[in-house]
Number of protein chains: 2
Amino acid sequence: MATANVTPITSADRTFIQLRQDIVEGVIPAGAKLSETELSTKYQVSRAVIREAINRLTACHIVERRANVGARVVELSEAGLQELYEIRESLEGMAARLAARNMTMAEINKLLNLLDTHFETVREGESYYQEAGDYDFHYRIILGSKNQQLITLLTEGIYHLVRMYRVQLGMAGPRVTTAYAEHKHIAQAILNRDEELAEILMRRHITYSKNTIAKKLASQS
Amino acid sequence: MATANVTPITSADRTFIQLRQDIVEGVIPAGAKLSETELSTKYQVSRAVIREAINRLTACHIVERRANVGARVVELSEAGLQELYEIRESLEGMAARLAARNMTMAEINKLLNLLDTHFETVREGESYYQEAGDYDFHYRIILGSKNQQLITLLTEGIYHLVRMYRVQLGMAGPRVTTAYAEHKHIAQAILNRDEELAEILMRRHITYSKNTIAKKLASQS
DNA sequence: AAGCGCTATATTGTCGACAATGATTTGGTT
DNA sequence: AACCAAATCATTGTCGACAATATAGCGCTT
């Protein structure tokens, strides 16, 4: 009776997650061809589970597949980044709106606490904030929307692509303090249950973030 | 050299499309269990391609799968409709914004022509408009966004679920003339390259549309 | 008779082999 | 030498069989 509600994990699930991580982290570089037989030996599973993993990655736009030809990791381009962030702006803006409507006071308080903690670490000069803290903030708001489909779309689909851009461009440095101020304003709007403002601020925040990445990408090509 | 750029279609593609249609049209009812062996005999293909089809349908939230248990067609609920339309509002609003920015004059003119043709048929009392014409209008705007990821997300993902709700609730009747006026205003905003207005109007339009369906769904349960 | 545990059964997950398709190389022709 | 065609090769798509898991049914115990 005390058995936790643990959902079984299949071999295909594990392989999917592992493969996705290897791509996002750049172990398998952007644009690389994904040979099914090669991967099946590498991950010690049959081609069937590799195919399932690749199919799932195709669904979230991390790899592209052509029938009878094969699958390749997507190429990172400025156009692709633009497209991705237009979608992210749209969906996360909506998430912020819904969060302002649906988050409980307890959840909002935890969000505010989080920001305070971040502020401390930022002042102490750790740029660790950007990677983990930024994600944490956005994640809580997404969950706060209470829209299960939206949550899946963002956390299972778009997020990993976003992360792929950030990781492979070596994003770590700047935009820490400004981002903090923006986060603070968004949280305040949610606290005030101001849906309209929460959405607007989130969209602007994401647009700024995109511009930072786009600049970096342009400077590297 | 004259060979058209025809992308090959695999058996899995066909089965996926067929299965999706059968579910959306209600041939396979909402909430039904999808037995792999049963479907493989029904569609005359191996279980492997059935599994691939089911996996793809899972990716676009038309079926839900639990490991080692099986897949079921999603249940149509008011909450699900609400969630779906929040996402649709967000994404198609963005599509309208981008369409106002990126559609060519030729495309905009075709859009306006389309509306005029619709107006004629509407006056003659054919409610045929709603199903095909409405879709045509939205489809052109989505394509007009020129955002390939957004296009895929909407046309391959969300649209089929939307259609599933509309078909299975027997949507055909009302909201023809009012929807026409709304369409006209959106097109006008796009013509004026007014991104902000195009997005706002599209979002309102979709919200109205949701309310109509929600009412119908409530009256049937 | 109700509840628990075990067995039996059906369904899903995984695998290796075969078929079909696309790419490459080789040989021939102009 | 350049180009085309046919055959070879490698890779993907599909299939049927086996293994693993969950459900259902049965018998046993209390």
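Naming: A, B, ... by sequence-line order, numbering from 1 per chain. Everything numeric here is computed off the predicted structure, so don't read it as measured data. All values below were derived from every heavy atom in this structure, side-chain atoms included, with hydrogens, water molecules and symmetry-related copies excluded.
- Among the heavy atoms of the strands lying under 4.0 Å from B:L34 are primed sugar atoms or P, OP1, OP2 only; no base atom is included.
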Protein-to-nucleotide contact annotation, 5' to 3' order, nucleotides 15-23 of chain C [B base; S sugar-phosphate only; - none; under 4.0 Å, heavy atom]: B-B---SS-

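- In terms of heavy atoms, B:A71 sits closest to B:I54 at CB-CG2, 3.7 Å.
- We find that CD of B:E36 is positioned 15 Å from P of D:dA22, with the value rounded to whole Å.
- For B:R65 and C:dT12, the CZ to P distance is 8 Å, given to the nearest whole Å.
- As a whole-Å value, the separation of A:I50 CD1 from D:dG13 P is 14 Å.
- Considering only side-chain atoms of B:T37, the nucleotide from D:dT11, C:dG13, C:dT12 that sits closest is C:dT12.
- Between A:E36 and A:R51, at least one side-chain N (NZ, or NE/NH1/NH2) sits under 4.0 Å from a carboxylate O, which counts as a salt bridge.
- Distances shown here put every side-chain N or O of B:K33 at or beyond 4.0 Å from the OP1 or OP2 atom of C:dA10.
- One atom, CG of B:L39, and another, C1' of C:dT11, lie 13 Å apart when rounded to the nearest Å.
- Remark: P of C:dT14 and CD of A:E52 are 7 Å apart, rounded to the nearest angstrom.
- The SG atom of B:C60 sits 5.0 Å away from the CZ atom of B:F16 when rounded to the nearest 0.5 Å.
- Using a cutoff of 4.0 Å between basic side-chain nitrogens and carboxylate oxygens, A:K210 and A:E78 are not scored as salt-bridged.
- Salt bridge absent: A:K146 and B:E83 never bring a charged side-chain N and a carboxylate O closer than 4.0 Å.
- For A:R51, counting side-chain heavy atoms from C-beta on, the closest listed nucleotide (C:dT12, C:dT14, D:dG13) is D:dG13.
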Steps toward ring pair (Phe, Tyr, Trp, His ring centres under 6.0 Å) verdict (B:H61, B:H160): CA-CA 10 Å; B:H61 299 270; B:H160 295 282; over 10 Å; no

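- Applying the side chain to side chain donor-acceptor pair (under 3.5 Å) test to B:S77 and every residue at least two apart in sequence or in another chain returns nothing.
- The OH-C1' distance, from A:Y43 to C:dT14, rounds to 18 Å in whole Å.
- Here the P atom of nucleotide D:dT11 and the CZ atom of A:R72 are 13 Å apart, to the nearest Å.
- Distance, A:E38 CD to D:dA10 C1': 13 Å, rounded to whole Å.
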